[in-house]
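Beneath this line is the structure, given in C-alpha cells, with notes to follow.
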Amino acid sequence: MEGQLAEFLGGSALELGASHGALGHGHWRYGKDEDGIGWLVLDREDASVNTISDTVLRELDAHLDRIEFNLPRVLVLRSSKARGFAMGADIDALAEMEAEATETLLTEAHRVLDRLEGLSCPTVAVVHGAALGAGFELTLACDYRIAIEGASFGLPEVRLGLHPGLGGTRRLPELIEPTAAMQMMLTGSTAHTKKARDLGIADLVVQERHVRAAVAAIRDGEVEQRGRGLMARAFALSSARTLAATRMRRETEKAAPSKHYPAPHALIDIWEKHGNDPDAMQKAEIASFAQLLQTETSGNLIRAFFLRRTLKNAGGARDDIARVHVVGAGAMGAEIAAWAAMQGKHVTVSDPDEEALGGMIRRAAEICKDEHKDALETRDTLDRLMPDPGEYGVAQADLVIEAGPEKPELKAEIFEGLARRMKPGAILATNTSSLQLADFLEHVPDKARFAGLHFFNPVPKVPLIEVVSHDATGAETRERLLSFCTAIDRLPVAVTDYPGFLVNRALMPYLLEALLMMDEGIAKERIDKAAKEFGMPMGPVTLADQVGLDICLDVAESLSKSLQTGIAEIPALLREKVEAGDLGRKTGRGFYDWSDGTPKPDTSESTGEDLTDRLILPLLNACATCLREGVVGTADEADAAMIFATGFAPFRGGPLHYAGTRGHDAIRARLDEFAAAHGPRFKPDAYWRDVKPT
Ligand code: NAD
C-alpha cells in the first residue's frame with residue numbers, strides 16, 4: 001500500500017504517513033504535506049479497483065469534518081489503485097434497493113458531495129485511468145480536474161438503464177457545453193484524455209511526475225477555474241432548452257427507443273424542465289434515478305452487467321500462456337493475433353499469403369488506434385506481433401490458434417503439420433465456426449490438449465469467446481483456455497462440441513427463418529424492422545449480410561447435416577446469392593446494397609407481433625435445447641453468451657430470462673401454433689415443459 005501511494009503521490013506518501021500522521025481509516029487516507037496541501041486518497045479496502053459506495057461517502061464525510069477544521073491550502077483527491085480513479089457506484093448494493101431507500105441514500109450522498117464542493121479551499125481531483133459514473137461525479141464536485149495522460153471520464157449509467165444520480169446531471173452541463181454534456185450522458189460515451197481537455201472536463205493534462213507542480217500551480221492561482229454555470233447560460237431560457245431537447249429526443253429515440261430504454265428520455269425531460277434551477281435539478285435527478293432503478297429495463301441491464309462479471313471471472317487468475325502462434329492471417333486470424341498482442345501476449349503469425357501478413361500489421365495499428373492506445377503502447381503491441389511465414393514460433397508457443405480457411409481437409413493438413421512441431425504441453429485450438437472438433441481427433445497432436453476457441457467477428461467489438469471442449473479435451477486445457485480469454489480481456493463461455501456450438505446453433509434458426517420469410521415474399525426491411533423493434537441491434541437480414549452469406553451457408557449446411565430437427569431447410573435465396581458471389585458487406589452486395597458501406601435504411605411501417613415471435617422463438621427454442629443437452633452449463637451462461645456475442649436485446653435480460661418472463665407454457669403454446677402453421681422446425685423443446693422459470 002505504501003509503495004502504491006508513494007508511486008501515485010510523487011514520492012510523498014511515505015513522508016505523509018510517517019511525519020504527518022496520515023489518517024488511514026477505512027477506504028480513505030488523509031494527510032497534509034509540508035506545503036500545506038491535503039492529500040485525500042481513495043483506496044477501497046479488499047478491492048483492486050475503487051467503487052463509490054454508501055460507506056465510502058460516509059467516510060468522506062467524516063474526513064471533511066477534519067479537513068474543514070484544519071483547512072489545507074489545496075485539497076487533492078487521488079486514487080491509490082493502479083487501475084484508475086474509480087469505476088462508478090457499487091452496483092451490488094444498488095441492485096437490491098427499493099425506490100424510497102434509494103432516494104434517502106442519494107439525498108445523503110448529495111449532501112456529502114455538496115459539502116466537498118462548498119469547501120473554502122481549492123479542491124482538485126487528480127485522475128489516472130478511468131473516472132466513471134459516480135467516480136467521475138465525485139471529481140465534478142471538485143473545483144479542478146487534473147488528468148494524467150491516458151485518463152478517461154464517462155457517465156455510462158444509461159447502459160444500466162439509469163442516468164447519473166450523484167449530481168452529474170447538474171454539474172456536467174454546468175461545467176462544459178450543455179449539449180455536449182447531455183450527449184455524453186445520453187450515450188454513455190467516454191471522453192479520453194484529449195477529448196476531456198477539449199471539452200473542458202480536464203483543466204490540465206500532465207504526466208504523473210508533474211502532478212505536484214500542477215497542484216502547486218493551482219495553489220498559486222496560476223490556473224483559471226472554469227466559470228461554473230457560464231456554459232449553462234446559453235440554455236438558461238426554457239425555450240432554448242425545449243428546442244435542444246426536441247432534437248435530442250428525436251436522435252435518442254432512433255438509438256434507444258423510449259419504450260425499451262426510458263432512462264435517456266427521463267434525463268432529457270428533467271434537463272428541459274429544470275436545467276436552469278440547480279436545486280430543482282438535484283431533486284429531480286434523485287427522484288428519477290430512484291424510479292428508473294425499479295424498471296424492468298434497469299433490472300435486466302444490471303443483470304447483464306453481473307453476467308459479464310461472472311463470465312469474466314470464469315477464467316480465474318492463473319494464466320500460463322505467454323506465447324501464442326496464430327495460423328492464418330485472414331479476417332479472423334489477423335484480429336485475434338493483434339488483439340492478443342495488444343493484451344500483452346507474444347504472438348507469431350503464419351500465412352502462405354504474404355499480403356495477409358502485411359494486412360495484419362495494418363489491422364493491428366488500426367485496432368490500437370480504435371482502442372485509444374498511445375504511441376508507446378502501439379509500438380509495444382507491434383513489437384510483440386511477428387509475421388512468421390517460416391512458422392518458427394510454433395515450437396515456442398504455449399497455444400497455437402488455427403484460423404485457416406473453413407475447409408476440413410485443409411484444417412486436417414494444418415493440424416498434422418503442427419503435430420510434429422508444437423512443444424509438449426502446448427494447446428492447439430481451432431477457431432472453426434461450423435466444423436466439429438470430434439472429426440479432427442486423429443489429425444491432432446494431443447487430443448486432451450485440443451479444443452476450440454471460437455472468437456466472433458469483429459474480434460475487438462464482440463467480447464465473447466466460446467471455449468469448446470470435445471469428449472477428450474482435458475479439464476486442465478479448458479481451464480487454461482478460460483484463463484487465457486480472461487487475460488486477454490474477453491468473456492469466455494465453456495461449451496461442448498455440438499453443431500454450431502451454442503451461439504451459432506441458436507442464431508442460425510433465427511437467421512434462416514428471416515431468409516425463409518424473404519423466400520415467402522416478405523420484404524427484408526419489414527423483417528429487419530420486426531427484430532429491431534424487439535430490441536436486436538440490427539435485423540437478421542442485415543446481420544446475415546454482415547457475417548457473410550458464404551459463412552451463413554457453411555454454418556447452415558453443417559447444422560442441417562448434423563441435426564435432425566429444429567433447423568429450417570436452407571432458403572433458396574441464400575444459395576442463389578452465394579452462387580452469384582453476392583456475399584454481403586464484404587463484396588459490396590448481399591441482400592442489401594452495401595456499396596457505400598451501409599445498407600439501405602428501414603423504410604417500412606411497423607410490424608405485427610407475428611413476425612417478431614416467428615423470428616425470436618426459434619432462437620429461444622435452440623437455447624433451450626442447448627441447455628437441456630448440456631452444450632452450455634447454465635441458463636445464465638446461455639443468456640450471457642447470446643447477449644455478448646449477438647447483442648440479443650440486453651434490456652430483456654437474455655433469451656431464456658425473457659422466455660421466463662413470458663412463461664414457459666406460453667412459449668410452448670406459441671411454438672405449437674407456429675409448428676402447425678409452418679412445420680416441425682418449430683416443435684417446442686421438452687425444456688419448456690420440464691423446467692419452470694425461476
Ligand atoms: P479468411 O479466408 O479471411 O482467412 C483464412 C486465411 O488462412 C487466409 O489469409 C489464407 O491465406 C490463410 N491460409 C490458407 N491456407 C493456409 C494454410 N495452409 N496455413 C495457414 N494459413 C492458410 O477466413 P476467416 O474468415 O478469417 O476464417 C478463418 C476461420 O475462422 C474459419 O475457420 C472460420 O470458420 C472461422 N470464423 C470466421 C468468422 C468470420 O466471421 N469470418 C467468425 C468466427 C470464426
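Atoms within each ligand, like the ligands themselves, are counted from 1 in listed order. All residue numbers refer to positions in the sequence shown, counting from 1.
For ligand 1 and Thr432, the ligand atoms under 4.0 Å from any heavy atom of the residue are 32 (O). The distance from ligand 1 to the heavy atoms of Asp353 drops below 4.0 Å at these ligand atoms: 11 (O). Each of the atoms 7 (O), 20 (C), 21 (N) of ligand 1 lies under 4.0 Å from some heavy atom of Gly328. Near Ile551, meaning under 4.0 Å from one of its heavy atoms, ligand 1 places the atoms 39 (C), 40 (O), 41 (N). Heavy-atom proximity to Asn457, at under 4.0 Å, picks out these atoms of ligand 1: 39 (C), 40 (O), 41 (N). If you number the atoms of ligand 1 from 1 as listed, the ones under 4.0 Å from a heavy atom of Glu406 come out as 31 (C), 32 (O), 33 (C), 34 (O). Shown in contact with Val327 at under 4.0 Å from a heavy atom are these atoms of ligand 1, numbered in order with element: 19 (N), 20 (C).
In this structure, Phe648 has its ring center no closer than 6.0 Å to that of Tyr510.
In this structure, the protein non-hydrogen atom closest to atom 13 (N) of ligand 1 is Pro405 CD, 3.6 Å. Summary of contacts: the protein heavy atom closest to atom 37 (C) of ligand 1 is Met332 CG, 3.3 Å. Regarding atom 35 (C) of ligand 1, its nearest protein heavy-atom neighbour is Asn431 O, 3.2 Å. With respect to atom 21 (N) of ligand 1, the closest heavy atom belonging to the protein is Pro352 CD, 3.3 Å.
Between His454 and ligand 1, no N or O atom pair is found at a separation short of 3.5 Å. For ligand 1, the polar-atom distance check finds an N/O of Ser433 within less than 3.5 Å of one of the ligand's N/O atoms. Of the N or O atoms in Asp351, one or more lie within a sub-3.5 Å distance of an N or O in ligand 1.
Salt bridge annotation for Lys423-Asp398: present, with a cationic side-chain nitrogen under 4.0 angstrom from a carboxylate oxygen. Ionic pairing of Asp319 and Arg480 is not present here: no N-O contact between side-chain nitrogen and carboxylate oxygen is shorter than 4.0 angstrom. Glu466 and Arg505 are not joined by a salt bridge, as no carboxylate oxygen comes within less than 4.0 angstrom of a charged side-chain nitrogen. Checked for salt-bridge contact, Lys369 and Glu366 miss the test: no charged N lies under 4.0 Å from a carboxylate O.
Aromatic ring pairs are classed by plane angle as parallel below 30°, tilted from 30° to 60° and perpendicular above 60°; the pair His260 and Phe651 is parallel.
Shown here is Lys407, whose NZ atom has no more than 12 heavy atoms of other residues, nucleotides or ligands within 6.0 Å. Heavy-atom contacts from other residues, nucleotides or ligands closer than 6.0 Å to CZ of Arg362 number 12 or fewer.
Asp528 and Thr542 share a side-chain donor-acceptor pair at under 3.5 Å.
At least one protein heavy atom sits closer than 4.0 Å to atom 26 (O) of ligand 1.
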